[in-house]
Amino acid sequence: MFFVSEVKTTGPSTFNTPLQRMVYSLLDEKGVKFERVDNDPAITMENCIMIDQRLNMKTVKTLFLCNRQKTSFYLVVTTADKPFVTRDFSAALGIPRVSFAPVELLNSMLGTAVGAATIFGLLLDSNNHIQLVIDNDILAEEWYGCTDGTTTSYLKLPAAWVMDELIPLTGHTPKFVKL
């Protein structure tokens, strides 16, 4: 059975990654109220079903993609239930086909492991090498559910704060598309 803790409103007592520490420091500094759970490693969207139920929200699907030359990078945020089709994504942006970025780039550019990609990783992209792409369907949600940079802790945040404050704080300008 997949473990999901009771809901918590404080950060963890110890941090597993520098990004995770950065996430909770930022939330504290900005006075952002959040809920979170600790859980068994969640790698697939199927693992997130119990997390969503516990936090009463919908986790977003966050994908890290690149072109074949590994010179263009995309952090894509879409709904968990939507299948991702690279052909449709490429057509929506008017770019050549993309694929998942290699694991080593996920770690070096976003500070996460496989399954833990999060919009918070953009805090590490100070040179704006990564294009943020957000599915329009995300904008309809009141809550933004995502990892804290690990596969073992998920956050429920006000979606308006993520869109209106966090994204501008990262220095990225999102492209909104219909996926």
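If you're wondering where the values come from, they're calculated on a predicted model, not measured in any experiment.
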At their closest point, which heavy atom of [X] faces which heavy atom of [Y], and how far apart are they?
X      : Y      : result
Gly11  : Phe34  : N-CZ, 3.7 Å
Gly115 : Thr147 : O-CG2, 4.0 Å
Pro158 : Val32  : CD-CG1, 4.3 Å
Val60  : Cys146 : CG2-CB, 4.3 Å
Pro102 : Cys66  : CD-SG, 4.0 Å
Ile43  : Thr151 : CD1-CG2, 3.7 Å

Under-4.0 Å salt bridge between Glu165 and Lys30 |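 No.
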Does some side-chain heavy atom of [Y] sit less than 4.5 Å from a side-chain heavy atom of [X]?
X      : Y      : result
Thr78  : Phe89  : no
Val177 : Val133 : yes
Leu110 : Leu19  : no
Leu179 : Val76  : yes
Ile138 : Met163 : yes
Leu65  : Phe84  : yes
Asn128 : His172 : yes
Leu75  : Asp125 : no

Is it true that a side-chain atom of [X] and a backbone atom of [Y] form a donor plus acceptor pair closer than 3.5 Å?
X      : Y      : result
Arg54  : Val4   : yes
Ser153 : Val37  : yes
Thr170 : Ile167 : yes

Would Thr118 and Thr62 count as a side-chain contact (heavy atoms from CB on, under 4.5 Å) if you check the C-alpha gap in whole Å, the side-chain angles of each, and the deciding distance to 0.1 Å?
-> CA-CA 6 Å; Thr118 177; Thr62 307; 5.6 Å; no
Determine whether [X] and [Y] fall in the same hydrophobic cluster, where Ile, Leu, Val, Met, Phe, Trp and Tyr are linked whenever their side-chain heavy atoms lie under 4.5 Å apart.
X      : Y      : result
Ile95  : Phe73  : no
Phe176 : Leu63  : no
Val103 : Phe100 : no
Val23  : Leu169 : yes
Met109 : Val77  : yes

Rounded to the nearest 0.5 Å, what separation is found between the [atom1] atom of [X] and the [atom2] atom of [Y]?
X      : Y      : atom1 : atom2 : result
Asp40  : Asn47  : CG    : CG    : 8.5 Å
Asp38  : Ile51  : CG    : CD1   : 10.0 Å
Trp143 : Leu157 : CH2   : CG    : 9.0 Å
Thr9   : Lys156 : OG1   : NZ    : 12.5 Å
Leu166 : Tyr144 : CG    : OH    : 8.0 Å
Asn67  : Arg97  : CG    : CZ    : 14.0 Å

May I have the step-by-step check of side-chain contact (heavy atoms from CB on, under 4.5 Å) for Met57 and Glu141, ending in yes or no?
-> CA-CA 9 Å; Met57 53 121 203; Glu141 297 297 326; over 6 Å; no
Under 3.5 Å side-chain donor-acceptor pair for Asp28 and Ser25 =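 Short answer, no.
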Distance-only polar pair, side chains of Asp148 and Tyr24, donor-acceptor under 3.5 Å |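 Distance-only check passes for Asp148 and Tyr24.
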Carefully, step by step, assess Phe64 and Leu105 under the rule side-chain contact (heavy atoms from CB on, under 4.5 Å).
-> CA-CA 9 Å; Phe64 187 48; Leu105 289 179; 4.3 Å; yes
In terms of ring plane angle, is the pair Phe120 and Trp161 parallel, tilted or perpendicular, where the classes change at 30° and 60°?
->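 Phe120 and Trp161: tilted rings.
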Identify which one of Asp137, Asn136, Asp88 satisfies the side chain to side chain donor-acceptor pair (under 3.5 Å) criterion when paired with Lys178.
->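 Among Asp137, Asn136, Asp88, the one meeting side chain to side chain donor-acceptor pair (under 3.5 Å) with Lys178 is Asp137.
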Residue from Lys82, Lys175, Lys61 passing salt bridge (charged side-chain N to carboxylate O under 4.0 Å, His left out) with Asp135 =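 Filter result, single survivor: Lys82.
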Can you check side-chain contact (heavy atoms from CB on, under 4.5 Å) on Val98 and Leu93, steps first, answer last?
-> CA-CA 11 Å; Val98 295; Leu93 265 64; over 6 Å; no
